[in-house]
Amino acid sequence: QVQLMESGGGSVQAGGSLRLSCAVSGSRYGTACMGWFRQAPGEEREGVAAIGTGSGRTVYGDSVKGRFTISRDNAKNTVYLQMNSLNPEDTATYYCALASPPCTVVIDRRNNYNYWGQGTQVTVSS
């Protein structure tokens with residue numbers, strides 16, 4: 001049974017930073033691709049960032065490039081999303097997702113991912 005648990009969300013003022021964590025239980029983590037998605041009320045779920053198994057390949061959405069960084073610690077079965085220079089448009093529920101191997105590092109195909117966390121809320125005030 002694979003489970004994903006996000007943490008680190010909260011409220012921050014514009015220009016601030018947050019680091020989200022996603023702890024993964026189960027045997028698939030080490031060879032899985034990991035992604036972060038977000039969904040604002042009334043909006044479609046949007047791909048934010050993804051990372052491959054060896055951390056060598058990363059992909060980012062255009063709206064977060066240069067501000068967000070995805071990383072993974074395979075020893076801790078955890079993937080992170082460092083979010084800097086936050087703005088109110090970043091307000092959303094953020095979800096962690098896992099794509100079982102063989103996997104591709106993408107953020108434009110939600111069906112690439114077969115396990116999802118429950119989400120953590122990020123609120124950015126102006």
Side-chain angles (χ1 to χ4, degrees):
Q1 181 77 10
V2 177
Q3 293 185 322
L4 287 69
M5 179 66 71
E6 302 97 337
S7 61
S11 297
V12 64
Q13 289 191 325
S17 298
L18 285 173
R19 188 175 82 154
L20 305 183
S21 299
C22 174
V24 182
S25 61
S27 61
R28 296 177 185 261
Y29 172 82
T31 54
C33 300
M34 302 296 301
W36 284 98
F37 290 75
R38 67 186 182 185
Q39 188 167 18
E43 301 288 334
E44 292 282 325
R45 192 167 294 190
E46 171 192 21
V48 175
I51 188 167
T53 56
S55 301
R57 173 160 172 74
T58 56
V59 174
Y60 293 93
D62 288 341
S63 62
V64 306
K65 281 180 183 176
R67 301 188 298 122
F68 290 12
T69 303
I70 188 171
S71 62
R72 65 192 295 168
D73 185 338
N74 289 343
K76 296 182 178 179
N77 280 18
T78 301
V79 63
Y80 303 98
L81 185 69
Q82 177 66 43
M83 306 186 295
N84 298 327
S85 301
L86 285 161
N87 59 60
E89 290 69 40
D90 296 315
T91 295
T93 301
Y94 284 70
Y95 297 90
C96 175
L98 181 151
S100 298
C103 55
T104 53
V105 185
V106 294
I107 56 172
D108 59 350
R109 295 200 302 272
R110 281 182 287 165
N111 60 6
N112 183 62
Y113 296 87
N114 37 12
Y115 296 95
W116 293 81
Q118 293 298 308
T120 186
Q121 178 67 35
V122 171
T123 302
V124 185
S125 58
S126 58

My understanding is that only residues two or more places apart in sequence, or in another chain, count here; which of them pass side chain to side chain donor-acceptor pair (under 3.5 Å) with N111?
none
Under the rule for side-chain contact (heavy atoms from CB on, under 4.5 Å), what residues qualify as partners of C33, not counting sequence neighbours?
A99, C103, V105
Show every donor-acceptor pair shorter than 3.5 Å between a side-chain atom in residues 9-21 and any protein atom, with sequence neighbours excluded, or say none if there are none.
{"unit_1": "S17", "atom_1": "OG", "unit_2": "N84", "atom_2": "OD1", "d": "2.9"}

How would you list, by chain and number, every residue that makes a side-chain contact (heavy atoms from CB on, under 4.5 Å) with A23, sequence neighbours excluded?
T78
In terms of heavy-atom contacts, P88 and S126 come closest through CG-CB, 3.9 Å
Nearest 0.5 Å please: distance from the CG atom of N77 over to the CZ atom of R72.
9.0 Å
So with a 6.0 Å cut-off around CD of Q39, is the heavy-atom count from everything else above 12?
yes
Which pair of non-hydrogen atoms, one from V64 and one from V48, has the smallest distance, and what is that distance?
CG2-O, 3.5 Å
Any chance you could measure L4, atom CG, to Q118, atom CD, to the nearest 0.5 Å?
10.0 Å
Are V24 and Y80 connected, step by step, through hydrophobic side chains (Ile, Leu, Val, Met, Phe, Trp, Tyr) whose heavy atoms are closer than 4.5 Å?
no
Under the 4.5 Å side-chain heavy-atom rule for ILVMFWY, direct or indirect, which residues accompany Y95?
F37, Y113, W116
T91 side, atom OG1; E43 side, atom CD - distance, nearest 0.5 Å
12.0 Å
How long is the straight-line distance from CD1 of I107 back to CH2 of W36, given to the nearest 0.5 Å?
14.0 Å
Answer yes or no: is there a donor N or O on one side and an acceptor on the other, between the side chain of Y60 and the main chain of I70, under 3.5 Å?
yes
Report the distance from atom OG1 of T120 to atom CG of L81, rounding to the nearest 0.5 Å.
11.0 Å
Tell me which pairs pass salt bridge (charged side-chain N to carboxylate O under 4.0 Å, His left out) where either residue lies in residues 85-109, with sequence neighbours left out.
R38-D90, R67-D90
I'd like to know if V122 and V79 are part of one continuous hydrophobic network [Ile/Leu/Val/Met/Phe/Trp/Tyr, side-chain heavy atoms within less than 4.5 Å].
yes
First locate atom CD of E46, then atom OH of Y94, and finally report the distance between them rounded to the nearest 0.5 Å.
8.0 Å
Side chain E6, main chain C96, donor-acceptor under 3.5 Å:
yes
Heavy-atom side-chain contact between V106 and V59 under 4.5 Å
no
